[in-house]
2 protein chains.
Amino acid sequence: MTRYSEIKKILKSHKLRVTDGRVDTLEFFLRQAKTLSLKDLEKEFKNSDRVTLYRTLSSFTEHGVLHKIPDDSGHATYGLCHDTCSSEDHSHDHMHFKCNECGTIECLEQNIPVVKIPGYHVKEANLILKGICKTCAA
Amino acid sequence: MTRYSEIKKILKSHKLRVTDGRVDTLEFFLRQAKTLSLKDLEKEFKNSDRVTLYRTLSSFTEHGVLHKIPDDSGHATYGLCHDTCSSEDHSHDHMHFKCNECGTIECLEQNIPVVKIPGYHVKEANLILKGICKTCAA
DNA sequence: TTACTTTTGCAACAGTGTTGCATATAGACA
DNA sequence: TGTCTATATGCAACACTGTTGCAAAAGTAA
Ligand SMILES: [Mn+2]
Ligand SMILES: [Mn+2]
Ligand SMILES: [Zn+2]
Ligand SMILES: [Zn+2]
């Protein structure tokens with residue numbers, strides 16, 4: 001199976017129309033294998049419209065191809081979902097790591113510990129660790 | 001001791017000049033006893049300049065009167081520090097809770113569990129829980 | 001009171017995110 | 001394959017938070 005047909009398959013399985021821009025964007029995510037921001041896409045696809053890239057990220061997130069990683073920096077970052085995610089079931093319990101040196105944000109394997117607080121209904125948890133990543137620490 | 005002299009004392013102990021705006025802002029934080037954003041201050045102090053309020057939050061944060069609470073919504077929120085915080089020592093390990101209904105962000109007593117990841121240097125952790133707060137759940 | 005330092009108010013700008021709308025295109029179906 | 005309809009795209013424009021520069025005002029210490 002070619003890379004292109006694989007990407008098309010992913011898009012279709014998430015009920016997304018196959019367009020050139022979406023194929024390129026998804027291919028970029030798969031090739032980079034790391035989280036990306038709108039800015040990253042803008043740099044990569046200089047001829048593409050900013051708003052279209054923005055909407056690509058939105059629809060990917062909505063359809064379970066990507067998940068939005070909460071960040072206080074003002075730069076929204078996106079990471080690939082696992083195969084299990086769809087428009088319907090789209091949940092993530094893993095934590096994230098932001099490197100103070102290279103700036104990359106990584107999805108970690110580890111899940112966020114369950115926290116219970118008397119009187120509260122906890123429905124969601126976001127844990128972001130900061131420090132020096134494996135690559136930069138080496 | 002009057003409220004005003006108490007507030008003056010707090011400002012001075014954090015090496016901040018006592019100005020009308022700072023007294024009002026700190027008084028508001030103490031009275032509300034909850035986290036506040038720049039927007040909240042703008043609503044309360046309609047005659048004040050937005051930039052001045054912004055800088056008040058900045059200097060308070062810098063001098064250990066407030067701590068900035070990371071939020072992905074784009075609204076930076078601030079909470080009072082404990083008495084122990086100063087310009088020098090200004091650390092927080094507690095988690096925060098954001099209510100999906102009333103929108104308030106609370107500082108929780110509980111500290112964030114320590115997470116270790118092989119190969120990484122974790123220096124900071126931010127855990128934000130979301131759901132329904134005690135007041136809204138009742 | 002004076003002299004020095006910091007804060008304030010105003011204007012202006014930067015950056016991200018977001019919407020509306022006309023046009024182009026993908027996917028479905030005859 | 002050609003036609004139709006819903007969706008995606010490109011462009012312009014806007015909303016909003018955060019941020020800086022600078023001159024005038026105010027705080028503090030001598
Ligand atoms: Mn992730
Ligand atoms: Mn707090
Ligand atoms: Zn790194
Ligand atoms: Zn609530």
Does dG15(C) have OP1 or OP2 under 4.0 Å away from a side-chain N or O of His75(A)?
no

Return the set of residues passing salt bridge (charged side-chain N to carboxylate O under 4.0 Å, His left out) with [X] (not counting sequence neighbours), or none when no residue passes.
X	answer
Glu101(A)	none
Asp40(B)	none
Asp72(B)	Lys130(B)

Return the value, rounded to whole Å, for the distance between atom [atom1] of [X] and atom [atom2] of [N].
X	N	atom1	atom2	answer
Asp71(A)	dG15(C)	CG	C1'	14 Å
Glu42(A)	dA14(C)	CD	C1'	14 Å
Arg50(A)	dG15(C)	CZ	C1'	9 Å
Tyr54(A)	dT16(C)	OH	P	14 Å

Residues in side-chain contact (heavy atoms from CB on, under 4.5 Å) contact with Phe45(B), at least two apart in sequence or another chain
Asp24(B), Thr25(B), Phe28(B), Leu41(B), Ser48(B), Leu53(B)

Val23(A): side-chain contact (heavy atoms from CB on, under 4.5 Å) partners, not counting sequence neighbours
Tyr4(A), Ile7(A), Leu11(A), Val18(A)

Take nucleotides 1-9 of chain C nucleotide by nucleotide from the 5' end and write B, S or -, depending on whether a protein heavy atom sits under 4.0 Å from the base, only from the sugar-phosphate, or from neither.
----BBSBB

So, for His82(B) and His67(B), is the gap between ring centers shorter than 6.0 Å?
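So the answer is no for these two rings.
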
ring-ring contact (aromatic ring centres under 6.0 Å, His included) between His90(B) and His14(B): does it pass, once the steps are laid out?
CA-CA 11 Å; His90(B) 189 3; His14(B) 287 85; 8.8 Å; no

Kindly list each side-chain donor-acceptor pair under 3.5 angstrom involving residues 108-127 of chain B, sequence neighbours excluded, with atom names and distances?
{"unit_1": "Tyr120(B)", "atom_1": "OH", "unit_2": "Glu106(A)", "atom_2": "OE1", "d": "2.6"}
{"unit_1": "Tyr120(B)", "atom_1": "OH", "unit_2": "Glu106(A)", "atom_2": "OE2", "d": "3.3"}

Please set out all donor-acceptor pairs under 3.5 angstrom arising from side-chain atoms of residues 29-36 of chain A, sequence neighbours excluded.
{"unit_1": "Arg31(A)", "atom_1": "NE", "unit_2": "Glu27(A)", "atom_2": "OE1", "d": "3.3"}
{"unit_1": "Arg31(A)", "atom_1": "NE", "unit_2": "Glu27(A)", "atom_2": "OE2", "d": "3.1"}
{"unit_1": "Arg31(A)", "atom_1": "NH2", "unit_2": "Glu27(A)", "atom_2": "OE1", "d": "3.2"}
{"unit_1": "Thr35(A)", "atom_1": "OG1", "unit_2": "Ile105(A)", "atom_2": "O", "d": "2.5"}

Bend angle of the helix from dT1(C)-dA30(D) to dA30(C)-dT1(D), end axes from five pairs each (to 10°):
40°

Map Lys12(B) and Lys39(B) onto DNA chain D by nearest heavy atom, then report which one ends up closer to the 5' terminus.
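Its nearest nucleotide lies further toward 5', so the answer is Lys39(B).
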
My understanding is that only residues two or more places apart in sequence, or in another chain, count here; which of them pass ring-ring contact (aromatic ring centres under 6.0 Å, His included) with His63(A)?
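With neighbours one apart ignored, the set is empty.
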
My understanding is that only residues two or more places apart in sequence, or in another chain, count here; which of them pass side chain to side chain donor-acceptor pair (under 3.5 Å) with Ser58(B)?
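Residues passing side chain to side chain donor-acceptor pair (under 3.5 Å) with Ser58(B): none at all.
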
Leading and trailing nucleotides of DNA chain D with any atom under 4.0 Å from heavy atoms of chain A:
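Contacts span dA6(D) to dA12(D), reading 5' to 3'.
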
